[in-house]
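Indexing begins at 1, ligand by ligand and atom by atom, following the structure's order.
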Amino acid sequence: MSEDYRSMWKDLGLDLTAHDALLAVLGKGYQDIYLSQKNRPEGMAYFDFVMSEVHGLRIKELVDEKQAGRKIIGSYCVFVPEEIVLAANATLVGLCSGADFAVEEVEKLLPRNTCALIKSSFGFKLGKVCPYLESADMVVGENTCDGKKKAYETLNALVKKLYVMDLPQVKSEQGKALLKAEYNRFKTEVEKLTGVPITVASLKQAIQTVNAKRAAIHRLSSLRKANPSPISGLDALLANQVFFYDNPARFTESVNKICDELEKRIARKQGVSPEKTPRILLSGCPMAVPNWKLPWIIETSGAVIVGEESCVGERGTRNLTDNSGNTIDDLMNAIVDHYFKVDCAIFTPNPDRFNHITEMFETYKADGVIHYSLQFCQPYLMESMPVEKALEEKNIPTLRIETDYSMEDVGQLKTRVEAFVEQLK
Ligand code: BJ8
């Protein structure tokens, strides 16, 4: 890492020693899990580069943007509309974290039985190791699960500016009205932060930019219907993870380039693994960088992941936003319509998610579903039981996994996953 980066990190307020330790672990994990894979598409070199520079070049870009007067907004959830942020000439970055850090410090503020994703977000803040969080001019928390909702009350004292967005829990007309009111309130707040009023033209352009990004990642997903799959689940997950960090236009271009390459691979019947490899649909909680544990276990147990029914996956990207409206209100309604379709387990009841899992199982020609919940995540753990039941009624083999970010259960998980994959053969 260049000296420039070190002084940049220092200026952002990072703890350099702790940050060095984090980067060392991240680098080693990436080497062992990603770079050791065989048969990767050449286009993944872009994502390898992004990951090697995830705390370097990308942060430098954000710092440069800030110096040019642009604001950075951090988010923990796909419900925070990037369209509104871009339309006010700001940048949205994902802040969810996928590794344990400063656990002892975290447990002084949060109960031990809090999900690893929330604890990790706090750990990255308390350990001063996340340059995205430290670059953010405003952090958006959303009232989704109880864990996040209550944790934001505590986070409020730790970050410069926390903005809390309320979200509906029921897909009713009242729920939709709440979402619309909250998106309008958010729009006003973002305009206030940036000093840039959102116009019909800027909102249309922003919708187009985000749609292009979603369409590209969706194109990548569609190519995984091929048998043999032209790309590993780990690599596809990485692209889905980078979706939340990268410059949108560059991301879109890079994903489309990989898709061009994958199309050629498919034409040659070139896969990452042989045609008969059992195909897995992964469903459940989102997986933030560097949470690659379960996909790595699955793909080193003789299976290939062909789809992610998750917010770091298809849940947030399967639909595009209509940008044909000609007033701010029309476009805001279209944004509300788009996000109201997101079938997060915080909604009750949540039948769309059940349908989507089955639909994805069929579309991606999967052989089985692995449902992944983080320990202590009530919404997804609760939903995993009826999901399993519904899938089994359709004779879809299902394995329910509950885990966290630690490596302690790797052996035990591997045994269970291997037995499941064996059954699929
Ligand atoms: S729209 S899935 S990104 S809330 S794992 S913190 S649910 S206890 S992440 Fe999510 Fe938005 Fe929903 Fe998607 Fe709570 Fe569960 Fe922890 Fe979770």
Considering only non-hydrogen protein atoms, determine which one is nearest to atom 9 (S) of ligand 1 and report residue, atom name and distance to 0.1 Å.
P286 CG, 3.6 Å

Suppose I only count heavy atoms of T144 and a 4.0 Å limit; which atoms of ligand 1 are within that range?
4 (S)

With heavy atoms of R315 as the reference, note each atom of ligand 1 found under 4.0 Å away.
2 (S)

What do we get for V78 next to ligand 1 when only non-hydrogen atoms under 4.0 Å count, side chain, backbone, both or neither?
both

I need the nearest protein heavy-atom contact for atom 13 (Fe) of ligand 1: residue, atom name and distance, please.
C311 SG, 2.3 Å

Where ligand 1 meets F79 - atom numbers and elements under 4.0 angstrom, heavy-atom basis
1 (S)

When you measure from atom 11 (Fe) of ligand 1 to every protein heavy atom, which one gives the shortest distance, and what is it?
C77 SG, 2.3 Å

Please confirm whether the backbone N or O of I305 pairs with a side-chain atom of R224, one donor and one acceptor, at under 3.5 Å?
yes

Should the pair F243 and F251 be assigned to parallel (<30°), tilted (30 to 60°) or perpendicular (>60°) ring geometry?
perpendicular

Classify the ring geometry of F101 against F124: parallel below 30°, tilted from 30° to 60°, perpendicular beyond 60°.
perpendicular

For D246, is there an ion pair with K213 - N to carboxylate O distance below 4.0 angstrom?
no

Ring centres under 6.0 Å, that's the criterion: do W296 and Y34 meet it?
no

Who's the nearest protein heavy-atom neighbour of atom 12 (Fe) of ligand 1, and how far?
C344 SG, 2.3 Å

One thing to verify: whether E142 and K149 come together as a salt bridge, which I'm taking to mean a side-chain N less than 4.0 angstrom from a carboxylate O.
no

Name the orientation class of the two ring planes belonging to Y380 and H371 (parallel below 30°, tilted from 30 to 60°, perpendicular beyond 60°).
tilted

I'd like to know if K176 and E173 make a salt bridge, using a cut-off of under 4.0 Å between side-chain N and carboxylate O.
no

Less than 6.0 angstrom separating the ring centers of Y163 and F186, yes or no?
yes

For atom 15 (Fe) of ligand 1, every protein N/O/S atom that sits closer than 2.8 Å, waters excluded
C377 SG

Is the closest basic N to carboxylate O distance between E134 and K125 below 4.0 Å?
yes

